[in-house]
Amino acid sequence: MRLTDELGKRRMLTVVKKVDFGVYLGTNEERVLLPKKEVPAGTEPGDPVEVFLYKDSDDRLIATTAVPEITLGELAVLTVKDTGRIGAFLDWGLPKDLLLPFKEQTARVKKGDRVLVSLYEDKSGRLCATMRVYELLRTDSPYKKDDPVEGIIYDTSDNFGVFVAVDNCYSALIPRREAYGRLRVGDRVHARVVKVREDGKLDLSVREKAFIQMDADAQMLMERMEKNGGSLPFNDKSDPELIKRELGLSKNAFKRAVGRLLKERKIRITESSIEKRRRS
């Protein structure tokens, strides 16, 4: 076992030498330092110690008994501690923050964001994070049609929709036709499975079934009218894209909600708007 091949992994290594500033682990031919402050009390040569291998600020291979929040090839949701000229820096439970390069970001992140990432070794032999996790997501989820799920958005596409990692590990998509409202990378979403594809990937919707969602949509329209002085500049002839952009509704969902409000005699429709009826 070459120690350099174990970068980014947790391994059980043997103490081969004690020094004033720590212990060396591995073999007499190839060894790595575990700093003194990390050495378990009573450790002697020949003892096994479980450690994680990474590189310090001087790019030297080093061991730690601290348990990072992510290891090589795994997925984890980490917090952005800061940003800089080469990317963002993530808190992963070790003294040296984890770099998320700009080129590995699916959307620009800022301090405090929570993002789903994987750990990889770059061409220079350094451990870095990437938000490009599509190929690592599993397709063996236990979910079926109409099940409620929760996940994190890790990418978006104008052509396909919003990519979600359900339970931070299962591959899912909110198709473009279902992507209503402000859905951004890093957001956690509660959704409903609308389809389990043949390859095991999930199609999701952030909306309830039409007959359930209609009441919520109608209530939202009433609240929007209240805030807008009692009317909204939309009717059944309004452009679908305008309705989606401004109200977060499909044209059909808008018409169902308006129909509900008309039936309840809460609104009236004019040539250019819907208006809240005044109580007599």
Side-chain angles (χ1 to χ4, degrees), residues 2-11 21-22 32-38 51-137 151-169 171-174 176 179 181-189:
R2 295 181 60 230
L3 290 180
T4 52
D5 293 337
E6 305 306 307
L7 181 70
K9 304 172 186 176
R10 285 186 62 77
R11 287 291 182 261
F21 45 87
V32 61
L33 176 68
L34 176 64
K36 185 176 182 178
K37 64 180 180 180
E38 305 233 18
V51 294
F52 177 77
L53 300 180
Y54 72 114
K55 289 188 176 180
D56 64 15
S57 300
D58 295 318
D59 257 2
R60 296 173 300 192
L61 188 68
I62 195 164
T64 177
T65 53
V67 180
E69 294 186 36
I70 188 172
T71 58
L72 197 67
E74 288 184 342
L75 293 167
V77 177
L78 303 180
T79 301
V80 178
K81 286 186 68 175
D82 208 348
T83 57
R85 60 180 182 81
I86 58 174
F89 297 92
L90 310 180
D91 181 2
W92 63 322
L94 298 183
K96 181 186 177 185
D97 295 334
L98 179 63
L99 174 65
L100 171 60
F102 283 127
K103 67 182 179 65
E104 297 297 332
Q105 297 178 21
T106 57
R108 284 292 180 262
V109 300
K110 62 183 185 303
K111 185 177 179 179
D113 284 351
R114 298 270 291 166
V115 291
L116 180 70
V117 296
S118 177
L119 186 67
Y120 75 99
E121 184 179 348
D122 72 5
K123 294 178 180 178
S124 301
R126 296 171 300 183
L127 292 175
C128 295
T130 178
M131 294 168 67
R132 304 187 186 282
V133 300
Y134 178 82
E135 297 296 336
L136 296 174
L137 294 175
I152 186 169
I153 296 173
Y154 66 90
D155 202 357
T156 60
S157 165
D158 290 338
N159 293 326
F160 298 107
V162 177
F163 293 93
V164 177
V166 168
D167 296 343
N168 300 339
C169 66
S171 184
L173 174 72
I174 302 173
R176 185 173 177 273
R182 296 188 66 188
L183 299 172
R184 296 170 295 186
V185 169
D187 286 350
R188 296 207 69 83
V189 293

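- Under the 3.5 Å distance criterion, with hydrogens and angles disregarded, no donor-acceptor pair is assigned to the side chains of Thr130 and Arg132.
- Taking 4.0 Å as the cut-off between side-chain N and carboxylate O, Arg126 and Asp122 count as a salt-bridged pair.
- A distance of 10.0 Å separates OG1 of Thr65 from NZ of Lys37, quoted to the nearest 0.5 Å.
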**Message:** Set out, in order, the CA-CA distance, both residues' side-chain angles and the distance that settles side-chain contact (heavy atoms from CB on, under 4.5 Å) for Val109 and Met131, then state yes or no.
**Reply:** CA-CA 10 Å; Val109 300; Met131 294 168 67; 4.0 Å; yes
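- Shown here is Asp58, whose CG atom has more than 12 heavy atoms of other residues, nucleotides or ligands within 6.0 Å.
- Heavy atoms of other residues, nucleotides or ligands lying less than 6.0 angstrom from CZ of Phe102 number more than 12.
- Sparse packing is recorded around NZ of Lys36, with 12 or fewer heavy atoms of other residues, nucleotides or ligands lying under 6.0 Å away.
- In summary, Asp91 and Lys81 do not engage in a salt bridge, as defined by a charged side-chain N under 4.0 Å from a carboxylate O.
- One distance of note links NZ of Lys96 with OG1 of Thr64; it measures 13.0 Å at 0.5 Å rounding.
- Using a 30° and 60° split on the angle between ring planes, Tyr134 and Phe163 fall in the perpendicular class, above 60°.
- Note that CG of Leu136 is 12.5 Å distant from OH of Tyr120, once rounded to the nearest 0.5 Å.
- Taking OH from Tyr54 and CZ from Arg60, the interatomic distance works out to 10.5 Å, rounded to the nearest 0.5 Å.
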